[in-house]
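Here's the structure, in structure tokens; my notes come after.
All values below were derived from every heavy atom in this structure, side-chain atoms included, with hydrogens, water molecules and symmetry-related copies excluded. Every chain is numbered from 1, with letters handed out A, B, ... down the list of sequences.
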Amino acid sequence: MNRHWLMKSEPDEASIDHLAQAPQQTLPWTGVRNYQARNFMRDAMRAGDGVLFYHSSCPQPGIAGLAQVVGDVRPDPTQFDAESPYFDPKSSRDAPRWLLRDVQLLRKTRLLSLAEMRAAPTLASLQVLQRGNRLSITPVTPAEWQAVLALLDA
DNA sequence: GCCAACGTTGGC
DNA sequence: GCCAACGTTGGC
């Protein structure tokens with residue numbers, strides 16, 4: 001049984017439309033610079049896992065589409081790029097500190113707004129809704145995934 | 001821009 | 001290992 005995840009992206013940087021227009025409708029999930037989120041990608045994610053694509057830090061935060069993890073975990077190339085905002089001078093190609101996963105669109109959805117998520121009793125346990133949560137990648141239970149699908153169909 | 005919450009850093 | 005200071009996140 002595949003796992004499920006919620007992954008936050010700032011739409012200015014990588015929106016659901018960017019994902020839809022990318023080759024193979026797939027984007028590398030660059031820029032994760034938090035160890036807990038990195039460890040999820042490294043240790044727990046598998047190809048085929050479901051992804052709730054969440055728009056954050058924007059006028060209308062919420063779930064904008066469904067995606068899946070494809071391929072294997074690999075080094076995030078932006079950590080080696082001195083021109084990138086994600087450059088990490090403490091990392092090296094011999095011992096990359098930061099990793100990424102590739103994410104492929106399953107389908108765009110209507111925007112399931114943060115307000116609607118908060119109002120849904122079936123999503124009360126969702127980690128991203130908990131007070132003080134800041135992780136950009138969080139696990140989603142099968143029940144929560146089904147609850148999101150149900151809300152999207154409603 | 002504000003602010004709560006959390007993560008990271010670095011001196012000791 | 002402690003902990004204060006600082007930086008970041010992200011909704012509002």
Distance-only donor-acceptor pairs under 3.5 Å for side chains of residues 52-60 of chain A, two or more places apart:
{"from": "A/H55", "atom 1": "NE2", "to": "A/I16", "atom 2": "N", "distance (Å)": "3.1"}

Counterpart residues, salt bridge (charged side-chain N to carboxylate O under 4.0 Å, His left out), relative to A/R97 (two or more places apart)
A/D88
Go along nucleotides 4-12 of chain C 5' to 3' and tag each nucleotide: B for a protein heavy atom under 4.0 Å from its base, S when only backbone or sugar atoms are that close, - otherwise.
---BBBBSS
Hits for salt bridge (charged side-chain N to carboxylate O under 4.0 Å, His left out) against A/E10, two or more places apart or cross-chain, chain-then-number order -> none
Would you please name every residue forming a salt bridge (charged side-chain N to carboxylate O under 4.0 Å, His left out) with A/R74, sequence neighbours left out?
A/D102
Sequence neighbours excluded, which residues qualify as salt bridge (charged side-chain N to carboxylate O under 4.0 Å, His left out) partners of A/D81?
none
